[in-house]
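For reference, the structure is listed below as structure tokens.
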Amino acid sequence: MARTNDDVAAVLEEYADLLAITGGEDFKIRVYQKAARSIGAHAADIDGYDAGELRQIPNVGEKIAHKVAEYLRSGTMAQLEELRGRIPAGVRALTRIAALGPKRAMVLHESLGVDSPESLESAIHAGALRDLPGFGAKTEENLLHGIALLRDAGERVQLGVAMPLAEDIVTALKSVQGCRRCGYAGSLRRMKDTIGDIDILATSNRPKVLMSAFIDLPQVTEVIVHGDKKTSVRTSQGLQVDLRVVPPDAWGAAMQYFTGSKAHNIRTREIAGHRKLKLSEYGLFDADTEELIVSKTEEEVYRRLGLPWIPPTLREDIGEIEAALAGELPELVTEDDVCGDLHTHTTLTDGHASLEEMVEAVAGRGYAYYAVTDHGPKLYMQQMTLEKAIAQRERVRELDGTSGLRLLHGVELNIDPDGDVDWPPDVLAGFDLCVASVHSFFDLPKDRTTRRLVRAAEHPCVNIIGHPSARLIGRRPPIDADWDQVFKACARSGTALEINAFPERLDLAAELIRRAKRHGVNFALDSDSHAVGHLDNLRYGIGTAQRGWLTADDVINTWPLDRLTAFLGKKEVLAGAR
DNA sequence: GCCGTTTTCGGCCCGACTGTTTTCAGTCG
């Protein structure tokens, strides 16, 4: 479910951005950002809260509580509207360009009238930035690069944005009279890391009623086309949503068709052709007589093509058809296989929930074990110290075993440019597990980045390389490394690669997961939670792992605790033997 | 604008890099 909290957090972030662009006081901006994060991280849904209840949330004081209460009542805030009136939306979009913040965005707007990434690109090509103080040749180059990066992300939104929206729409449509079945298809069902538009499929004996209900949904701001079989709308986030209604008996064939991918469908239609069959969204037909053969379920459709049912996350025509024909489809890892989370944070560093709150939330998830891995001291802004880590460890030991949960005390180390990490081995040996991640120096030459990651992987105490490529979808490209060398080092040294489930990371990405798997690497599927609500993000990591063709056996946190601890302990044994 | 006191005002995660300057603002994590 898309939560009110997320809406409000987005609105407060927008307000903070607009304050920053208009030259607002730094501390004031930060307070709005902090309040946005606190509300986003607040465990309960704030829908219906009054100002008094809102004030109970950390970093929400009198002023912000009233603004948020106003938003909850009326759907907007007067002061936000005032700023929106002064600053074109495109100027805020400028700050999404890497290395361009609010200050220089405003300079560009005020002196050159730049009001979108596109107009900035034109201005650069026209040489308009040459005479602007503070903008040199290198800056122009960086800005063009940033604009290209933004364009590559295009109009697509992150999986973590599209999924809750699609689920809300499906839930709403299922309750409409006459609706028999409803579900999402397309790249969302294939769990791609970004989504261009949402495809929703339904069967109904009253399609007109369903379509009317669809265009009346509160999320809809624009109707693009409106018919009985297909209706397309745009939502307040600018995302297009297509609803297609098919006859009840065509559900399976339509689901297969609209799930795609296009490349996968071309292959399935080819196979149909070879068998003198014709496959469309309405069913599998005899090519000569046009007689319907099957259409009710996807399983039937695939079976009549001589194939087992192929999981949507594999349908990219990258070998799944061949594997299916050979009976060698992988038994994909599922959320039910996961026994614990191995990378999470608390308020000791940059998390928003205390150790106790996180543990309590996890206890309800049926995990067998759970690791707390706050940042090490090298991430200076977190102000971690060994004393704090040891105090946390004592508390972890006290809580261990409550609610049947085995607690592991870990740390997320920072990998420096040379591949070194925060603490010496004798300190690290005191942790149950060490995640090590890249948080800075993203632009090192490829050979240096490779050495850096290989050294980290070969460190006797590092068990998991966290978010290995350090990409931020639409904002920062992956670091450049000779990945095969890195994967070999991980396989050799018994270091797992993380699949970080945070929607803006999804790192490793599916393609690199497949490559790593060929080297025999193990993986850790982690939420990297900084709040209770983030624990649910794990499902996006599951989708990514499935797209990487992983089975439960590939993933160390599906293993029982004794096998996991043996894996974590093996590194030190290896190190001791050296 | 929030928080937490030394209770009504002062401090607010800290350090480093980049590109532009000629001593630093802007941006980032």
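Quantities reported herein were computed from a predicted structural model and do not represent experimental measurements.
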Legend entry - Geometric cation-pi criterion, Arg515(A) with Phe487(A): 6.0 Å, 45°: no
Inset, instruction - Please measure how far the P atom in dC12(B) lies from the corresponding atom in dC17(B), and state the result in whole Å. - result: 23 Å
Inset, instruction - State whether Arg476(A) places a side-chain N or O below 4.0 Å from either non-bridging phosphate oxygen (OP1 or OP2) of dC28(B). - result: no
Legend entry - Geometric class of the Phe431(A)/Trp423(A) ring pair [parallel <30°, tilted 30-60°, perpendicular >60°]: parallel
Inset, instruction - With heavy atoms under 4.0 Å as the rule, sort Pro102(A) into base, sugar-phosphate or nothing. - result: sugar-phosphate
Legend entry - Under 4.0 angstrom between Ser440(A) side-chain N/O and dA16(B) OP1 or OP2: no
Inset, instruction - Remember a base hit wins even if backbone is also touched, and classify Leu100(A) as base, sugar-phosphate or nothing at under 4.0 Å, heavy atoms. - result: sugar-phosphate
Legend entry - Under 4.0 angstrom between Arg104(A) side-chain N/O and dA25(B) OP1 or OP2: no
Inset, instruction - Output yes when at least one side-chain N/O atom of Arg30(A) is less than 4.0 Å from OP1 or OP2 of dC13(B), else no. - result: yes
Inset, instruction - Please state whether the phosphate of dG19(B), meaning OP1 or OP2, lies under 4.0 angstrom from any side-chain nitrogen or oxygen of Asn142(A). - result: yes
Legend entry - Electrostatic pair Arg397(A)-Glu394(A), nearest N-O below 4.0 angstrom: no
Inset, instruction - Look at all strands and tell whether Phe442(A) reaches a base, only sugar-phosphate, or nothing, counting heavy atoms closer than 4.0 Å. - result: sugar-phosphate
Legend entry - Side-chain H-bond candidate by donor/acceptor type, Glu412(A) with Ser437(A), under 3.5 Å: yes
Inset, instruction - Using a heavy-atom cut-off of under 4.0 Å over every strand shown, decide if Ala137(A) touches base, sugar-phosphate, or nothing. - result: sugar-phosphate
